[in-house]
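One structure is given here, and the rest of the page talks about it.
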Number of protein chains: 2
Amino acid sequence: MTLRRPETLTTAVATYIRDAIVQGDLAPGQRLPEVTLAAQLETSRGTVREALRTLADSGLVQVEPRRGAFVSQLSVRATWEITSMRALLEPYAARLALEAAGSDPGLHAEVRAAFDVLKAAVTSENPDPVAVADADVAFHRSVFARCGHEMLLSQLETLQALSRRIVLTNQISSADAPTLVAQHAPIADAVELRDPELLESAVRTHVIEAGELLMTRMAPLEPTRTKRATPTTFSLGRWPSGASPHPRGTAARPARR
Amino acid sequence: MTLRRPETLTTAVATYIRDAIVQGDLAPGQRLPEVTLAAQLETSRGTVREALRTLADSGLVQVEPRRGAFVSQLSVRATWEITSMRALLEPYAARLALEAAGSDPGLHAEVRAAFDVLKAAVTSENPDPVAVADADVAFHRSVFARCGHEMLLSQLETLQALSRRIVLTNQISSADAPTLVAQHAPIADAVELRDPELLESAVRTHVIEAGELLMTRMAPLEPTRTKRATPTTFSLGRWPSGASPHPRGTAARPARR
DNA sequence: TGCTGCTCGATTGTCGGACAGTAAGTCATT
DNA sequence: AATGACTTACTGTCCGACAATCGAGCAGCA
């Protein structure tokens, strides 16, 4: 496998591995030995090492001292954390973007375009999960990309990458197509109406609902990790600016082979 | 200088440098040459390098390809980003912590204790800025530490470190003592009353007000970076769940010597 | 004087090799 | 089946090296 060279070799390696993970080529929990990767990518161990640390900070990879790096696990708990984080940040980012856009129709055009792509991907007779996931990511990004808040933006991109993985590893999209479109529509509408309040709540609602869907979908599958059986039925809720209690569980870690 | 050895040498180096930065021993914009640090800390370049990357991800250090690492600058713009981020996250974290605590008085006890320490630090006849900053950090942490949300927590700790630097480099605290105490009191009260809503808004209000204070304080000092003079008077605002426009500016980067 | 281009020193990016220490896995023991 | 010694696979860390790049100072020129 050959690599591009954007800035430094390390970043190239990082994006390569990131893509492999997000794309699902590397399964959750899988080991990522430095030597192996270095050999595969024809670079040195140090470079790979650096890339892995970078990815660790974005949560895609988990590094345990003296044990090495793994593709991070996607527990229900982690999903809750990611979802609540997005529910907190994304509405605000969307609002900033909308307000920054002012009367410029560019934003709306982009969002609408992304929405159409998404709709097309979802309603095709044989929807490709990856394509759907890509379209979903692109849609969201189109909404908040122009927020003009670097920290927020990078944070959201990271969270999206995580979300995307969860979606892909829990075959969604086939049965949920209508839901998906239905959930995104209000966002596009709010952008068109240039109503920040409406947009915020539309985004928040969508993020939370999508998260809940994921969590209910994956909860039954989650292997029990603790002796005292964690209730497999999760009480959802306690989202940002929302209802009441919230799920608790132990963060997953890769099984020690 | 000798180092402890918590987990790995790299983390030791990272925390060492982090402390030096947060403590103000290393000025914003200062270069951090790998070789020099390696020599000082009696480790290898690789180890230092890794530590620097880690710090870069938390925003304390800025790495520019082929130019090296610098202590990151603290522009008004950055302050805005940090503040808005905290305004988004911290209230929610506080609420989670409060709800997790339930009827357990432990949380309130801790918060109250931290508040007392803070009050003592502020009202001493000759307040030590570092002590005040420490107390402030400790107070906030006591409020949200038990939120049970790892991602949120680590995020907040990072943001706190950044905030703390800004506070210390803009001599606050002497004249602002009363304000400081006044702002924190409602938070402690809300915890005592076990009122999540109240707590959320108290935290949000405080974070925003503190941020605004900082920004007005530093705005006049900020050197102009662009030809087209950025207005030195910043229109504050557009905070999470709040009013309208928000400041724009160019993120600072260290001057190329 | 002010601007342009070249040379040189300081550092980073990346490589390869090396070695001890540790986590896991295996296998023989009790 | 539980225990403990042995083996293997990696990681953590160090060293030395070299090309590429950045930035600064200097020389040349308009």
Side-chain angles (χ1 to χ4, degrees), chain A residues 1-17 26-27 29-57 60-73 225 227 252-257, chain B residues 1-18 26 29-57 60-73 225 227 252-257:
Chain A
M1 178 57 62
T2 334
L3 294 170
R4 294 288 152 63
R5 191 177 202 264
E7 274 294 330
T8 87
L9 230 196
T10 299
T11 63
V13 171
T15 58
Y16 176 81
I17 300 178
L26 296 171
Q30 181 163 351
R31 301 195 60 170
L32 301 171
E34 298 171 358
V35 269
T36 312
L37 287 171
Q40 281 179 6
L41 301 175
E42 293 173 339
T43 64
S44 71
R45 231 183 100 203
T47 304
V48 170
R49 206 179 154 76
E50 216 171 281
L52 287 176
R53 307 294 152 160
T54 304
L55 294 179
D57 290 300
L60 283 177
V61 155
Q62 198 173 343
V63 184
E64 292 193 38
R66 275 167 250 288
R67 273 193 7 99
F70 309 78
V71 179
S72 66
Q73 295 283 2
R225 276 169 230 280
K227 298 284 172 64
R253 44 181 310 186
R256 303 195 165 232
R257 301 178 317 159
Chain B
M1 180 56 58
T2 333
L3 294 170
R4 294 289 149 63
R5 190 177 202 261
E7 276 293 332
T8 85
L9 229 196
T10 299
T11 62
V13 171
T15 59
Y16 176 80
I17 300 179
R18 172 185 298 117
L26 296 171
Q30 182 162 349
R31 299 195 61 170
L32 301 171
E34 297 173 359
V35 270
T36 311
L37 287 171
Q40 281 179 5
L41 301 175
E42 293 173 341
T43 63
S44 72
R45 229 183 102 205
T47 304
V48 170
R49 205 180 155 76
E50 215 172 291
L52 287 176
R53 307 295 152 160
T54 304
L55 294 179
D57 289 301
L60 282 178
V61 155
Q62 198 172 345
V63 182
E64 293 193 38
R66 274 167 250 286
R67 267 189 19 93
F70 309 79
V71 179
S72 65
Q73 295 283 0
R225 276 168 229 278
K227 299 284 172 63
R253 44 181 309 187
R256 301 195 165 233
R257 300 177 320 155

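Note on naming: letters A, B, ... go to the chains in the order of the sequence lines (proteins, then strands), and numbering restarts at 1 for each one.
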- Closer than 4.0 Å, any side-chain N/O of B:Arg31 to the OP1 or OP2 of D:dC22? no
- Query: Relative to the 5' end of DNA chain D, which residue comes earlier, A:Leu32 or B:Ser44, by the nucleotide with the nearest heavy atom?
  - Reply: A:Leu32
- Note on the structure: d(A:Thr10 OG1, B:Arg53 CZ) to nearest 0.5 Å is 7.0 Å
- Item | d(CZ, A:Arg45; C1', C:dG17) in whole Å | 11 Å
- Query: D:dT21 C1' sits how many Å from B:Arg66 CZ, rounded?
  - Reply: 7 Å
- Between A:Thr10 and C:dT14, does any side-chain N or O lie under 4.0 Å from OP1 or OP2? yes
- Quickly work out the A:Glu7 CD to C:dT12 P distance and round it to whole Å. 16 Å
- Message: If you compare all heavy atoms of B:Val13 against all heavy atoms of B:Thr47, which two are closest, and at what distance to 0.1 Å?
- Response: CG2-CG2, 4.1 Å
- Item | Spacing between A:Leu52 atom CG and D:dG12 atom C1', to the nearest angstrom | 14 Å
- Message: Tell me the interatomic distance from A:Glu50, atom CD, to C:dT14, atom C1', rounded to whole angstroms.
- Response: 9 Å
- Message: Does C:dC15 have its OP1 or OP2 closer than 4.0 Å to a side-chain nitrogen or oxygen of A:Thr47?
- Response: yes
- Task: Using a cut-off of strictly less than 4.0 Å, decide whether A:Thr8 has a side-chain nitrogen or oxygen near OP1 or OP2 of C:dT14.
- Result: yes
- Note on the structure: On a heavy-atom basis, the closest approach of A:Leu32 and A:Phe70 is CD1-C, 4.0 Å
- A:Leu9 CG to D:dA19 P, in whole Å, measures 17 Å
- Query: Between D:dT11, D:dG23, C:dT12, which nucleotide gets closest to the side-chain atoms of A:Pro33?
  - Reply: D:dT11
- Toward the 5' end of DNA chain C, which comes first, A:Pro65 or B:Val63, by nearest nucleotide? B:Val63
- Test: B:Glu7 and A:Arg67 ion pair at under 4.0 Å: no
- Any side-chain heavy-atom pair from A:Glu50 and B:Glu50 closer than 4.5 angstrom? no
- Query: Starting at CG of A:Leu41 and ending at P of C:dG16, how long is that distance when rounded to a whole Å?
  - Reply: 13 Å
- With sugar-phosphate meaning primed atoms plus P, OP1 and OP2, does A:Gly46 contact a base, only sugar-phosphate, or nothing at under 4.0 Å between heavy atoms? nothing
- Note on the structure: Separation of C:dT14 atom P from A:Glu34 atom CD, nearest Å, is 16 Å
- Note on the structure: With the side chain defined as heavy atoms from C-beta on, B:Arg49 is closest, among D:dG12, D:dC10, C:dG13, to C:dG13
